[in-house]
Amino acid sequence: MKYIGFLTAIMMFHWAQADIYKYPDREIHFSTAVQNLDYTLHLRDSSTRSDLFYKPNVNDIVVPKLAYKDLVTVSWAMALEMENEEKRLMGDTKFTDIRLDFTYHNFAIEAYYNQYSGMYLENTGEVDPQFNPGDPSLLRPDLYVRGLGVTMTWIWDENDFSMLNLVSQNERQESWGGSFLFGGSINETYFSADQSIVPTQVQSQFDVIGQIRSGTFRTLSAKAGYGYSMAKKWFLGGYIMAGPGISYRTLRIDGQSNSTGFEPTGRVELLASTGYNGDWFFGNLKYDLKQDFYLLTGSSSQINPELVTVSLALGVHLDTLKW
């Protein structure tokens, strides 16, 4: 009997219905965000606990966005200028980042394409004993990485949890509530270089990827999780989703032919968002993580690409035009 009160509280916590305000008279939403894009190509050997973190040198971007209800969204990005000292220390990456987001009351879909040409090794000091603070990182202008895919999310209780309130503020959740989330993703990760990606000094610390030159992973993943928002005009919320998948991979090893096969994979998606969603003005600070785990069967090696986006947005809800 002592557990009945606890279980009842859990049920009320989940099943209490939230109020969703959809701005019937202010259906045009304009905002401008500053985004920091942080991509990592992470190579790891679990046996030796060796890690390599390759990153592109990408500056912040400004993203104006115009939306009508939750039906049409138009956005564009402008990269900020980078200082010469940053280029000296971390190289000059050429990049493309394109995203198409469609978030509805009970369903969200995101398509993305990103590519980076030229990367640097973030943990150069662990690889090169001669490295000193102020020295350029180990630069790989020949390293090219591309990612593309589609991820889909179904919101089980769209009346209890508003994804739009967290990601774009196109509607407002006016009481606390949450929902189970389900979905899947289809994506591809490709990377290549003129020579082995793993530096010569540490190749012996990595199993089958010690002399890897390129790799392609085409992946199908399932995911499930939970989202919750402590919301009125001031809100704090997010979600976490994870699940298994299967990947068909092709690896190019120096001095060997291509190695192909199916491998198990894992995927994690995490969103945290906080801000203010008023009758006219809104703003939010958002952290968005997507990470895949490519496990190479029969070895201690794995490859884990990760994409993190941190954004700060300010915007206004405008009156619907009357014709």
Side-chain angles (χ1 to χ4, degrees), residues 17-37 60-80 97-113 150-155 157-179 181 183 227-239 269-290 309-323:
Q17 184 167 338
D19 297 321
I20 308 299
Y21 181 66
K22 296 182 171 59
Y23 295 103
D25 299 320
R26 290 182 290 280
E27 297 174 328
I28 299 173
H29 315 280
F30 176 78
S31 66
T32 299
V34 177
Q35 290 186 352
N36 176 268
L37 307 177
D60 294 344
I61 60 175
V62 177
V63 186
K65 180 168 65 174
L66 183 66
Y68 176 70
K69 295 185 178 180
D70 58 347
L71 302 178
V72 179
T73 299
V74 179
S75 64
W76 58 99
M78 298 172 288
L80 300 178
D97 189 289
I98 301 172
R99 307 187 197 193
L100 300 174
D101 302 312
F102 303 94
T103 303
Y104 302 97
H105 306 297
N106 64 344
F107 185 75
I109 180 169
E110 177 185 358
Y112 63 93
Y113 174 88
V150 177
T151 179
M152 297 154 283
T153 303
W154 179 43
I155 303 163
D157 297 314
E158 71 272 16
N159 293 321
D160 295 339
F161 176 70
S162 171
M163 185 80 77
L164 281 166
N165 182 71
L166 293 179
V167 300
S168 62
Q169 289 75 64
N170 288 12
E171 64 184 25
R172 185 169 70 215
Q173 183 172 325
E174 298 198 312
S175 59
W176 293 21
S179 173
L181 307 173
Y228 194 83
S229 184
M230 296 176 285
K232 288 191 177 179
K233 289 186 178 180
W234 291 97
F235 64 90
L236 172 65
Y239 65 79
E269 296 182 9
L270 173 68
L271 176 80
S273 180
T274 185
Y276 177 79
N277 193 4
D279 294 335
W280 292 95
F281 171 80
F282 65 90
N284 72 81
L285 176 64
K286 185 169 57 178
Y287 174 92
D288 185 9
L289 162 75
K290 292 179 176 62
T309 305
V310 179
S311 64
L312 176 64
L314 298 174
V316 289
H317 306 294
L318 302 176
D319 288 340
T320 303
L321 297 176
K322 306 296 185 181
W323 300 101

Under 3.5 Å, is there a donor-acceptor pair between the side chain of S273 and the main chain of L166? yes
Of all residues at least two apart in sequence or in a different chain, which pass the side chain to side chain donor-acceptor pair (under 3.5 Å) check with K286? none
Sequence neighbours excluded, which residues qualify as salt bridge (Lys or Arg N to Asp or Glu O under 4.0 Å) partners of D60? none
Would you please name every residue forming a ring-ring contact (aromatic ring centres under 6.0 Å, His included) with Y239, sequence neighbours left out? none
Atom pair CD/OG1 of E171 and T103 - distance to nearest 0.5 Å: 10.0 Å
Residue set satisfying side chain to side chain donor-acceptor pair (under 3.5 Å) with S168, at least two apart, ordered chain then number -> N170
Given side chains that start at C-beta, do those of M152 and W154 come closer than 4.5 Å, heavy atoms only? no
With rounding to the nearest 0.5 angstrom, report the CD1 to OH distance, I155 to Y104. 12.0 Å
With sequence neighbours left out, what residues match W234 under ring-ring contact (aromatic ring centres under 6.0 Å, His included)? Y276
N165: partners by side chain to side chain donor-acceptor pair (under 3.5 Å), with sequence neighbours left out: N277
Residues that L100 engages under side-chain contact (heavy atoms from CB on, under 4.5 Å), provided they are two or more places apart: F102, A111
How would you list all residue pairs meeting salt bridge (Lys or Arg N to Asp or Glu O under 4.0 Å) that involve residues 309-318, not counting sequence neighbours? none
Sequence neighbours excluded, the answer for salt bridge (Lys or Arg N to Asp or Glu O under 4.0 Å) partners of K232 is none
Exam field: side chain Q173 to backbone S162, donor-acceptor pair closer than 3.5 Å: yes
Do N36 and Y287 come close enough that some side-chain heavy atom pair is under 4.5 Å? no
Tell me whether T274 contacts the main-chain N or O of F235 through its side chain, where contact means a donor paired with an acceptor under 3.5 Å. yes
With distance as the sole test, does S179 use its side chain to make a donor-acceptor pair with the main-chain N or O of D157 at under 3.5 Å? yes
Going by the rule side chain to side chain donor-acceptor pair (under 3.5 Å), which residues pair with T153 if we only count those two or more places apart in sequence or in a different chain? K223
